[in-house]
Amino acid sequence: MKRLLFVCTGNTCRSPMAAAIMNQLGIEAKSAGIFAAAGSDASPHTKQVLSENNIEYKHASQPVTPEILDWATHILTMTENHKWHLLSSYPSVQDKTFTIREFVDESGDVIDPFGGSLEEYRQTFSELNELMKKVIKKLDNEV
């Protein structure tokens with residue numbers, strides 16, 4: 001069974017969106033943030049964009065912990081910097097940690113919509129939605 005952990009900065013925008021998309025598609029996923037406070041709701045724009053796409057998702061932000069890293073079979077970060085930060089703190093997860101784009105053989109970071117307009121959140125959702133399809137395809141091809 002694949003268990004995906006999506007990691008961003010504050011765990012209120014990108015990683016909750018990615019986890020919500022994957023859960024909607026039947027893949028077990030959670031999210032956490034490098035600098036997340038525990039218990040914050042997803043941002044209002046994140047909730048609105050998920051709602052517009054008929055995705056129900058209950059979210060409470062959480063920081064990265066050894067327990068959640070152990071739970072995950074795959075750890076997918078939004079940026080190269082998130083990956084670097086994780087691996088510098090938790091080198092034991094190196095074999096299962098990738099940026100999302102790296103995992104699907106692309107380069108670059110997922111743009112952070114934090115503080116941006118609703119339209120920017122919609123663009124990030126669209127980007128993540130396309131990436132999640134590629135992630136599922138890659139997971140299906142894993143032995």
Side-chain angles (χ1 to χ4, degrees), residues 1-90 93-142:
M1 177 56 125
K2 310 282 190 219
R3 293 182 310 277
L4 279 63
L5 175 64
F6 293 99
V7 177
C8 67
T9 306
N11 193 217
T12 61
C13 303
R14 291 171 289 181
S15 58
M17 271 192 224
I21 293 166
M22 288 308 245
N23 283 313
Q24 182 84 359
L25 296 170
I27 307 280
E28 191 174 359
K30 295 182 180 180
S31 65
I34 300 284
F35 299 113
S40 295
D41 201 356
S43 74
H45 285 340
T46 296
K47 293 194 299 191
Q48 182 169 342
V49 169
L50 290 174
S51 177
E52 289 172 359
N53 288 277
N54 299 311
I55 297 176
E56 289 187 33
Y57 189 62
K58 300 254 186 275
H59 178 71
S61 65
Q62 62 182 339
V64 171
T65 62
E67 294 77 20
I68 199 164
L69 294 173
D70 287 344
W71 169 86
T73 60
H74 297 75
I75 301 165
L76 302 176
T77 67
M78 297 295 148
T79 69
E80 200 61 54
N81 195 36
H82 294 136
K83 178 184 169 187
W84 175 85
H85 201 91
L86 260 186
L87 295 180
S88 66
S89 299
Y90 305 98
V93 301
Q94 182 169 354
D95 292 346
K96 62 180 180 177
T97 303
F98 309 87
T99 70
I100 292 175
R101 290 197 180 280
E102 174 187 24
F103 187 73
V104 299
D105 299 318
E106 295 180 7
S107 60
D109 293 339
V110 174
I111 308 248
D112 188 357
F114 183 76
S117 68
L118 180 58
E119 187 53 38
E120 288 173 278
Y121 278 77
R122 287 180 179 133
Q123 289 170 359
T124 298
F125 176 87
S126 179
E127 178 183 3
L128 286 169
N129 202 33
E130 288 306 307
L131 284 168
M132 294 307 105
K133 292 174 189 171
K134 293 175 184 178
V135 167
I136 288 173
K137 190 172 183 180
K138 173 103 182 231
L139 290 171
D140 287 345
N141 292 326
E142 282 186 351

Open item on the list: Can you confirm whether more than 12 heavy atoms, excluding those of Q94, are under 6.0 Å from its CD atom?
Closed with: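 Incorrect, the count does not exceed 12.
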Identify every side-chain donor-acceptor pair in residues 24-37 under 3.5 Å, counting partners at least two apart or on other chains, and give the distances.
from: Q24; atom 1: NE2; to: N54; atom 2: O; distance (Å): 3.3
from: S31; atom 1: OG; to: N11; atom 2: ND2; distance (Å): 2.8

Heavy-atom check, side chain of [X] versus side chain of [Y], under 4.5 Å:
| X | Y | result |
| --- | --- | --- |
| H59 | T46 | no |
| N141 | K138 | no |
| L118 | R122 | yes |
| I75 | K83 | no |
| H82 | D109 | no |
| E119 | Q123 | yes |
| F6 | I100 | yes |

Practice item. Return the set of residues passing side chain to side chain donor-acceptor pair (under 3.5 Å) with S107 (not counting sequence neighbours), or none when no residue passes. Key: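 Expected list: none.
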- Task: Using the test side chain to side chain donor-acceptor pair (under 3.5 Å), find all partners of K133 that sit at least two apart in sequence or belong to another chain.
- Result: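 In terms of side chain to side chain donor-acceptor pair (under 3.5 Å), with neighbours along the sequence ignored, K133 is linked to E130.
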Shortest non-hydrogen contact between [X] and [Y], atoms and distance:
| X | Y | result |
| --- | --- | --- |
| C8 | M78 | CB-CG, 3.6 Å |
| T79 | V110 | CG2-O, 4.3 Å |
| D70 | K96 | O-NZ, 3.8 Å |
| P16 | C13 | CD-O, 3.3 Å |

Between E52 and Q48, a side-chain donor and acceptor under 3.5 Å: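 Looking only at side-chain atoms, Q48 and E52 do form a donor-acceptor pair, the distance falling under 3.5 Å.
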Not counting sequence neighbours, which residues clear side chain to side chain contact (heavy atoms under 4.5 Å, CB included) with E106? List them please.
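Counting only residues at least two positions away or on another chain, E106 forms a side chain to side chain contact (heavy atoms under 4.5 Å, CB included) with R101, V104, L131, K134.
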Going by side chain to side chain contact (heavy atoms under 4.5 Å, CB included), name the residues that satisfy it together with K2, two or more places apart in sequence or in a different chain.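 If we apply the side chain to side chain contact (heavy atoms under 4.5 Å, CB included) test to K2, skipping adjacent residues, the hits are L4, T73, H74, L139, E142.
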**Q.** Residue pairs fulfilling ring-ring contact (aromatic ring centres under 6.0 Å, His included) with at least one residue in residues 108-141, sequence neighbours excluded
**A.**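 As it turns out, the ring-ring contact (aromatic ring centres under 6.0 Å, His included) pairs with a partner in residues 108-141, which skip direct neighbours, are H45-Y121.
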Test side-chain contact (heavy atoms from CB on, under 4.5 Å) applied to T97 and L87, L76, L69, V7, the passing residue =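 Considering L87, L76, L69, V7, a side-chain contact (heavy atoms from CB on, under 4.5 Å) with T97 is found only for L87.
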Exercise for the section: Start with the C-alpha distance between V64 and L5, add both sets of side-chain angles, then the distance that settles side-chain contact (heavy atoms from CB on, under 4.5 Å), and finish with yes or no. Expected result: CA-CA 10 Å; V64 171; L5 175 64; 5.6 Å; no
*asked:* If I take atom CE from residue M22 and atom CE from residue M17, how far apart are they, to the nearest 0.5 angstrom?
replied: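 Interatomic distance, M22 CE to M17 CE, rounded to 0.5 Å: 15.5 Å.
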Measure the CG-OG1 distance between N81 and T99 for me, rounded to the nearest 0.5 Å.
->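 Output value for this atom pair is 12.0 Å.
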